[in-house]
Amino acid sequence: MKRRTFLNSTIFAGAFPLITPKQFFTNSLIKPTSKNKFPISICTWNFKEANEVAGKALEKGMDSLNAAILGAQVEEDNPANSTVGFGGAPDREGNVTLDACVMDHKKNCGAVLAVENVVHVASLARDVMEKTPHVILTGKGAESFARSLNYPSTVLLTKESKKAWEKWKKEAAYEPIINIENHDTIGILCIDKQGNLSGACSTSGLAYKMKGRIGDSPIIGAGLFIDNEVGGAVATGMGEEVVKTVGSFLIVELMRQGYTPQQACDEAIRRIVSKEEGIPNFQVAYIAIDKNGNVGSRSIHDGFSYMEYRDQKNINNLVNPY
Ligand code: SD4
């Protein structure tokens, strides 16, 4: 994005007058309009099939939470995606540990962190939300919960990801890979025919991370946030930076204050970049949707795109970098 356009858009956003709490409440209720037809599904990256599966399920009347999880499962099952689910890259000790969260239109949410031997972790996050009094389960606890619900036990490390890990061990001096290519987390936001918004986020995290490291993806407010009165956002990329700026919550709260989804994504990326000297060497990207079905997106670097299913078409949109 051109610096001037960006500045103009943020100056415009900053021009909103200070509002009192009462006005704030009134402003927060963005009413659905007939401008955009529902359902809509958007997801990070070029995950065509995942978004199509979610979009078609929504067309058939599925609710937004189930559709988002169904879409996420396509990538969780995909061994070729080395950043999500089965075939995900392991930590530096060779364990594949998965993180996921979900949030629905009633502000219910659930998350699982560092889970091993379970493929469908977004669904497991929903089970935490619906079947326990808790919001987050981690590690062994999350895994035994999965077993109690008869999730199959699956070895997540594939031959290919093991080979890549062994190569990395020889060459990389145990540095986690944090370059701008290494991000394929699925974050998916769905609005169903009723106009209700839910989302899911699922990842194996940074390749060759330290054992026990958790990024933004399963952290409600960082990797994903939904407020059905306003909109939702999801993140992908360098999780540490997203956590530090509570990125998805920030975007939704900016939309509540009147920012468009695009202006809100721009501002969330600006908060990250403004702490750095120059453009940093890591990637972070956001997608957001408001209650009316308007979409925004921004990444730090080139190469990010997102899928958008609406009016029965599923298209890939390239995102201009910051
Ligand atoms: C993380 N945000 O664990 C994730 C990484 C990611 O595609 O997006 N990978 O920090």
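Ligands are counted one by one from 1 in listed order, and the atoms in each one are counted from 1 as well.
By the 4.0 Å N-to-carboxylate-O rule, Glu166 lies too far from Lys163 to be salt-bridged with it. Salt bridge present: Glu267 and Arg271 bring a charged side-chain N and a carboxylate O closer than 4.0 Å.
Within the model, atoms OG of Ser64 and CD1 of Ile40 stand 12.0 Å from one another, a figure rounded to the nearest 0.5 Å. Interatomic distance, Leu224 CG to Ser248 OG, rounded to the nearest 0.5 Å: 6.0 Å.
Atom numbering of ligand 1 starts at 1 in the shown order; those under 4.0 Å from a heavy atom of Asp216 are 1 (C), 2 (N), 4 (C), 10 (O). Shown in contact with Ser217 at under 4.0 Å from a heavy atom are these atoms of ligand 1, numbered in order with element: 2 (N), 4 (C). Distances below 4.0 Å separate heavy atoms of Gly205 from the following atoms of ligand 1: 3 (O). Less than 4.0 angstrom separates some heavy atom of Thr236 from each of these atoms of ligand 1: 7 (O), 8 (O). Shown in contact with Leu206 at under 4.0 Å from a heavy atom are these atoms of ligand 1, numbered in order with element: 3 (O). Set against the non-hydrogen atoms of Thr185, the atoms of ligand 1 under 4.0 Å away are 4 (C), 5 (C), 6 (C), 7 (O), 8 (O), 9 (N). Residue Asp184 approaches ligand 1 through these ligand atoms, each under 4.0 Å from one of its heavy atoms: 7 (O), 9 (N). Interface of Thr83 with ligand 1, defined as ligand atoms under 4.0 Å from a residue heavy atom, comprises 7 (O), 9 (N).
For the pair Arg213 and ligand 1, a heavy-atom separation below 4.0 Å is found.
For atom 5 (C) of ligand 1, the choice among Gly215, Gly239, Gly237 with the nearest heavy atom turns out to be Gly237.
Aromatic ring centres of Trp45 and Phe304: separated by under 6.0 Å.
More than 12 heavy atoms of other residues, nucleotides or ligands lie within 6.0 Å of CD in Glu130, so this atom counts as buried by the packing criterion. The number of heavy-atom neighbours closer than 6.0 Å to NZ of Lys106, taken from other residues, nucleotides and ligands shown, is 12 or below.
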